[in-house]
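Shown next, in structure tokens, is the structure this report addresses.
Convention: sequence-line order gives letters A, B, ...; per-chain numbering from 1. Values below: every heavy atom of this structure, side chains too, minus hydrogens, waters and symmetry copies. Since the structure is predicted, the reported quantities are computational estimates derived from the model, not experimental observations.
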There are 2 protein chains.
Amino acid sequence: MAEGNVMEKIVSLCKRRGFVYPASEIYGGINGFWDYGPLGSLLKNNIRDSWWRTMVEAPPIGPDGHPIDMVGVDTSIIQNPKTWVASGHVGGFSDPMVDDRETKQRYRADHVMVYVPKDKQGNAFAFLPGEEEAAEKKIKRDARRNPADYEKIPLTKLPLDQFGNIVAPATKTAGTLTEPRAFNLMFITYVGAIQDEESKSYLRPETAQGIFLNYKNIVDTTRVKIPFGVAQIGKSFRNEVTPRNFIFRSREFEQMEMEFFCHPDESRTWYEFWTAERMRWWESIGVKKENLRLREHEKDELSHYSKMTVDIEYRYPFTAPDFGELEGIAHRGDYDLTQHQKHSGNRLDYFDQELQLKLKEQGANADEIKQKSRYIPHVIEPASGLTRAVLLLLCEAYAEDATRPSPVYLKFDAKMAPVKVGIFPLVNKEGMPEVAEKLYMDLRTKFMCEYDPKQSIGKRYARMDEIGTPYCVTIDGQTLQDQTVTIRERDTLKQERVALDKVGGYLSERLT
Amino acid sequence: MAEGNVMEKIVSLCKRRGFVYPASEIYGGINGFWDYGPLGSLLKNNIRDSWWRTMVEAPPIGPDGHPIDMVGVDTSIIQNPKTWVASGHVGGFSDPMVDDRETKQRYRADHVMVYVPKDKQGNAFAFLPGEEEAAEKKIKRDARRNPADYEKIPLTKLPLDQFGNIVAPATKTAGTLTEPRAFNLMFITYVGAIQDEESKSYLRPETAQGIFLNYKNIVDTTRVKIPFGVAQIGKSFRNEVTPRNFIFRSREFEQMEMEFFCHPDESRTWYEFWTAERMRWWESIGVKKENLRLREHEKDELSHYSKMTVDIEYRYPFTAPDFGELEGIAHRGDYDLTQHQKHSGNRLDYFDQELQLKLKEQGANADEIKQKSRYIPHVIEPASGLTRAVLLLLCEAYAEDATRPSPVYLKFDAKMAPVKVGIFPLVNKEGMPEVAEKLYMDLRTKFMCEYDPKQSIGKRYARMDEIGTPYCVTIDGQTLQDQTVTIRERDTLKQERVALDKVGGYLSERLT
């Protein structure tokens with residue numbers, strides 16, 4: 001894959017071909033929000049359906065050789081606000097921020113660097129990554145000193161009493177940066193007719209808590225037994241201060257999360273099991289192994305709820321040659337259920353009948369059996385972003401080749417391609433459209449097809465390459481004589497003549 | 001279908017079997033929000049996929065005998081707030097409300113009735129539907145008068161100057177009902193680091209506007225030509241003052257909306273076309289014709305944007321023998337595009353090349369051609385609720401029969417059933433589970449299956465009836481001898497022996 005301005009080219013292709021548009025573009029947009037266009041929504045649905053099939057409809061075979069127990073849910077974005085107190089999001093889900101007292105511009109504290117005078121005399125000068133030169137100019141002009149008399153220190157490493165005299169990055173006057181304070185990332189709203197503290201609610205920052213809220217209902221009303229998983233796909237919201245990198249970090253995004261409830265003693269096994277399974281899945285949707293890697297979190301990196309976490313990382317164009325976050329597999333221990341048990345007053349422990357029987361057979365005494373067969377399950381959570389997966393597949397598919405009809409094309413895995421088959425009459429007359437439309441009507445019940453009778457055939461092929469359509473079928477003059485068509489393969493550009501009544505079978509073999 | 005407390009029974013079945021749970025139930029719930037459980041999410045997905053297939057993957061054949069042009073999108077819930085000013089939702093999307101000055105309780109003005117003294121002497125007494133008796137008691141006790149001296153008048157019919165002395169429904173003291181004022185139904189939130197009027201945004205109250213916002217991008221970047229449709233499925237939010245009737249009117253819900261852009265002169269044809277198509281679709285997912293009806297809106301009922309609207313109505317248990325709203329097919333004219341053109345300053349008219357050619361061929365003059373071939377398209381909108389469709393299918397499927405293994409069962413159309421096939425070893429030993437699990441592994445790639453090896457076979461059948469599973473396959477002693485299994489059909493209770501290697505074909509014939 002080409003480097004450099006590849007991201008810009010992908011963003012531009014996404015807009016030009018209808019994958020992703022900036023939200024509210026006719027009103028100048030809204031920072032951190034994106035709309036999925038005709039092709040983007042199809043691509044997203046394909047990823048969504050593959051994840052759901054793997055998790056809920058046909059879960060993997062577990063370490064014991066039997067298929068895993070799994071169910072799906074679809075829970076509310078707005079929940080009782082106590083949920084987010086219990087989960088720790090009201091208290092802890094925040095970034096430290098500093099404000100420019102004059103312009104009211106707000107910065108993430110961990111993004112700001114400061115030029116601090118080595119002799120501690122006079123003002124310090126804050127700057128953002130990439131704006132170092134501007135800061136040096138300010139030092140020369142405003143403090144009339146040499147930037148070499150200053151040392152560069154991250155804002156978060158400075159003692160708080162020095163914050164009175166830091167020049168903010170965007171202003172020319174001095175002393176205007178506030179001390180860092182927490183800024184909660186949850187979007188707030190108000191439920192009901194009155195707007196006050198009592199009606200204050202939140203848009204969920206993760207889908208996971210909707211699963212924990214329903215854990216008891218699921219245990220009580222379905223046939224699942226420990227170990228089992230609960231999977232969910234849905235939108236989440238984070239009021240990011242600096243949404244960035246296209247749809248990589250947006251304020252509204254879609255998640256695919258699964259909580260796997262298991263016995264504490266088996267949690268390590270499942271942690272490893274799901275790490276391997278999830279790697280396999282990313283490869284199954286067309287991501288090359290060499291663009292993926294696993295990275296264990298260091299102790300000081302772990303979230304408050306996690307015992308251990310491993311990230312599946314991907315070599316994005318904007319991180320390459322380095323890797324960036326794609327999916328986290330977290331060992332959440334019993335943190336969430338314990339918190340919800342405490343805050344809700346509902347018992348969320350699990351009575352393990354099978355373990356009880358096993359212990360009895362092993363001759364354990366009654367007290368031991370009673371104590372061991374009731375427990376709060378531990379949770380392994382593979383959590384990834386559906387919208388981030390869209391970005392991933394676009395990056396992975398992006399290819400340049402100046403010798404092709406379209407110098408840029410998308411080589412999606414055929415299963416994931418938004419449109420599977422383009423169907424074209426060579427010219428829009430002479431009986432060809434009738435045959436082509438009939439074929440389209442037949443094939444569209446099996447694959448996502450696009451029927452396009454206009455423009456030169458070269459332009460139509462080029463467009464199909466650019467949107468990543470693996471096969472094009474063209475009905476031409478010869479079709480009317482011998483009932484064969486041309487099938488063109490995107491990656492090889494190879495064209496084959498196939499009998500009209502064999503086209504369905506030909507494509508089924510290659511697309512399913 | 002049985003009447004009376006059917007809704008209560010459906011709500012209870014939904015909870016008991018994992019279709020729909022109250023959101024945040026362990027925290028006492030949150031009014032107007034619901035979570036879709038393991039079966040509810042499957043049922044909802046089936047409806048979603050059927051709608052999407054009908055609209056986007058295989059759109060219907062139009063009046064000209066050719067398949068219709070249609071694309072899908074998936075747009076943000078949060079958009080630039082100017083969107084909602086242009087659409088009319090900031091100004092007009094509200095219910096008039098009255099407040100109790102003391103308790104701060106708020107009521108929808110059109111829900112409140114008032115006992116007004118015929119002689120205009122003394123206080124009037126407000127009451128809510130069903131609380132008439134309590135109001136009469138208050139009249140006797142507080143005003144020491146006879147309720148017969150009062151007349152019942154809807155609050156909205158009272159002159160405003162009488163509001164000072166209306167006793168609020170929930171209080172014992174007098175004079176505490178405010179005048180009605182508008183209460184906007186949009187949930188508000190704040191985007192970005194600062195909470196003020198400028199950052200105030202809204203959760204979308206309908207998915208439709210996300211389509212209008214992208215109309216220009218879609219015309220510019222895809223191959224669609226007028227007439228064409230843009231379809232979307234997604235969550236919307238309305239801060240309903242009185243959410244009610246289970247998932248019929250909830251504050252967070254999912255919509256299926258399609259905007260069909262056409263030439264103004266053809267809008268009437270398309271309005272009728274889509275009305276007929278949508279009726280057909282509801283029947284195709286298993287709704288009986290006699291439970292559906294069409295109702296044209298009266299002029300004074302029409303929304304501000306609509307030229308005409310027809311509702312598809314359904315006979316819900318809580319409206320029966322009457323009907324209630326299911327889907328609206330609205331003729332929105334050019335209202336939305338004109339509004340967005342005005343507010344955004346972007347031209348949203350359409351240049352109709354085909355019409356231009358046609359007019360040229362007809363010998364029209366240059367001015368006429370120029371004028372007629374540029375226009376703001378008219379829009380026909382079939383808009384329905386996905387979550388409401390879940391309720392509909394539950395109501396439609398609900399059946400009672402005291403003679404069956406389960407006295408209540410759900411006779412879903414097989415295509416819509418959340419679980420298609422239950423697979424059971426008669427006993428969980430003697431080689432049966434191995435055969436059953438192998439069959440499960442094979443069938444689950446084709447249909448949503450559930451493998452259940454435990455409990456008595458009668459209980460397992462009863463549970464499958466209750467969740468509406470059309471077929472159950474049982475592996476028993478005979479299977480091990482002659483490689484046949486029992487297939488049980490839900491509605492007829494008929495059992496048939498089928499060869500193990502024919503089961504897939506048997507089910508495919510009946511399920512697809």
Contact winner vs chain B - A:V241, A:N214, A:N184, heavy-atom pairs under 4.5 Å: A:N214
Rounded distance [0.5 Å steps], CZ in B:R251 versus OG1 in A:T189: 10.5 Å
Any donor-acceptor pair under 3.5 Å from A:N80 side chain to B:Y27 backbone: yes
Flag side-chain contact, heavy atom, 4.5 Å: A:V191 against B:F237: no
Chain B contact via A:R48 - side chain, backbone, both or neither, heavy atoms under 4.5 Å: side chain
Top contributor to chain B interface from A:V71, A:T445, A:V73 [non-hydrogen pairs under 4.5 Å]: A:V73
NZ/NE/NH1/NH2 to OD/OE distance under 4.0 Å, B:K454 and A:E354: yes
B:R16 side, atom CZ; A:D220 side, atom CG - distance, nearest 0.5 Å: 13.5 Å
Side-chain heavy-atom pair B:L203, A:I78 within 4.5 angstrom cut-off: yes
Any donor-acceptor pair under 3.5 Å from B:D74 side chain to A:S41 backbone: no
Part of A:Y440 within contact of chain B (heavy atom distance under 4.5 Å): side chain
Exam field: side chain A:N239 to backbone B:G192, donor-acceptor pair closer than 3.5 Å: yes
Contact leader toward chain B among A:P38, A:S24, A:S76, where contacts are heavy-atom pairs under 4.5 Å: A:S76
Structural part of A:F447 lying under 4.5 Å from a heavy atom of chain B: neither
Whether B:E252 side chain and A:I77 backbone form a donor-acceptor pair below 3.5 Å: yes
Greatest number of heavy atom pairs closer than 4.5 Å to chain A - which of B:E25, B:M448, B:H340: B:H340
Flag, side chain of B:R444 to backbone of A:P59, donor-acceptor distance under 3.5 Å: yes
Separation of A:D69 CG from B:Y451 OH (nearest 0.5 Å): 11.0 Å
Flag, side chain of B:R17 to backbone of A:T222, donor-acceptor distance under 3.5 Å: no
